[in-house]
Amino acid sequence: MAYWLFKSEPGTWSWDDHVEHGKKGQEWDGVRNFQARNHMRAMKKGDNGFFYHSGEDKAIVGVVEVSAEAHPDSTDTKWECVDLVAIEPLARPVSLAEIKADPALENMVLARNPRLSVQPVTDVEWKRVLKIAEAKA
DNA sequence: GCCAACGTTGGC
DNA sequence: GCCAACGTTGGC
């Protein structure tokens, strides 16, 4: 099982928007970046990911699951996307500042390159973020 | 194939 | 609202 992180502006597409789509899944469309696309191609059905809000929130807010592997983006078939289902919100959002302040997470892609819209997350980082959320909930 | 210019993103 | 960083594009 691999872990990922999906970044979105809440004004454009928020966690709440995603939850409303329920269990049928939702295309993670609009990605126009080669690195991000490569990460999506590597995803397998059942992989988990974090949902991160950029802009005002700057925090990881929820957990999603890959419900369909990479396929052409219906908004632009030259690109590809995966489908995601919202699983559950974190016990409490974990902010970018907290991630940067945690020595165990300082090498997270999110801290080093916040502009990449789809990122890999290691097992260690995944567990650490969940622990922080639960510890301070 | 390289490199400069440009546009976009996102944190501050 | 500003500025720095990054990725992409296009000219050579």
Side-chain angles (χ1 to χ4, degrees):
Chain A
M1 158 96 73
Y3 299 107
W4 309 94
L5 181 142
F6 300 88
K7 195 166 59 58
S8 180
E9 281 270 2
T12 306
W13 183 257
S14 72
W15 168 254
D16 288 341
D17 291 328
H18 211 103
V19 169
E20 283 178 20
H21 281 255
K23 295 192 185 338
K24 64 184 186 323
Q26 166 65 37
E27 275 193 339
W28 193 258
D29 58 25
V31 173
R32 302 292 180 266
N33 174 286
F34 294 114
Q35 273 181 270
R37 190 195 60 187
N38 288 341
H39 290 317
M40 290 197 291
R41 283 179 171 175
M43 291 177 194
K44 298 279 189 257
K45 187 175 164 65
D47 280 356
N48 283 155
F50 286 132
F51 195 111
Y52 174 79
H53 277 173
S54 61
E56 286 301 303
D57 280 9
K58 291 191 288 294
I60 294 171
V61 293
V63 174
V64 295
E65 180 178 321
V66 176
S67 61
E69 294 175 16
H71 58 84
D73 182 335
S74 64
T75 65
D76 183 346
T77 53
K78 292 190 298 295
W79 290 86
E80 291 172 49
C81 64
V82 293
D83 288 6
L84 300 177
V85 180
I87 302 298
E88 60 179 359
L90 289 193
R92 179 188 67 89
V94 176
S95 72
L96 180 61
E98 287 175 283
I99 289 164
K100 285 185 169 175
D102 190 322
L105 297 175
E106 65 184 0
N107 287 327
M108 251 186 107
V109 181
L110 187 64
R112 303 186 133 197
N113 182 10
R115 298 189 49 196
L116 183 59
S117 56
V118 178
Q119 314 179 353
V121 174
T122 67
D123 286 12
V124 173
E125 290 160 354
W126 180 266
K127 288 176 185 139
R128 180 71 188 159
V129 170
L130 291 178
K131 196 174 175 184
I132 291 172
E134 286 161 12
K136 295 186 182 172

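In the text below, chain A, chain B and the rest are named by the order of the sequence lines, each starting its count at 1.
Nucleotides of DNA chain C lying under 4.0 Å from heavy atoms of chain A occupy a range whose first and last members, 5' to 3', are C:dA5 to C:dT8.
Look at A:Glu106 and A:Lys100 and you find no salt bridge, because none of the NZ, NE, NH1 or NH2 atoms lies under 4.0 Å from a carboxylate O. Taking 4.0 Å as the cut-off between side-chain N and carboxylate O, A:Arg32 and A:Asp76 count as a salt-bridged pair. Between A:Glu98 and A:Arg92 there is a salt bridge, since at least one side-chain N of the basic residue sits less than 4.0 Å from a carboxylate O of the acidic one.
Contacts between residues 113-122 of chain A and DNA chain B, defined by a heavy-atom separation below 4.0 Å, involve A:Pro114, A:Arg115, listed by number.
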For this session: Tell me, with the steps shown, if A:Trp28 and A:Phe6 meet ring-ring contact (aromatic ring centres under 6.0 Å, His included).
Result: CA-CA 9 Å; A:Trp28 193 258; A:Phe6 300 88; 5.4 Å; yes
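Remark: side-chain polar atoms of A:Asp47 are paired, donor with acceptor, to backbone N or O of A:Ala2 under 3.5 angstrom.
No donor-acceptor contact under 3.5 angstrom links the side chains of A:Ser14 and A:Asp16, judged on distance only.
Within the 6.0 Å centre-distance limit, the rings of A:His21 and A:Trp13 are counted as a close aromatic pair.
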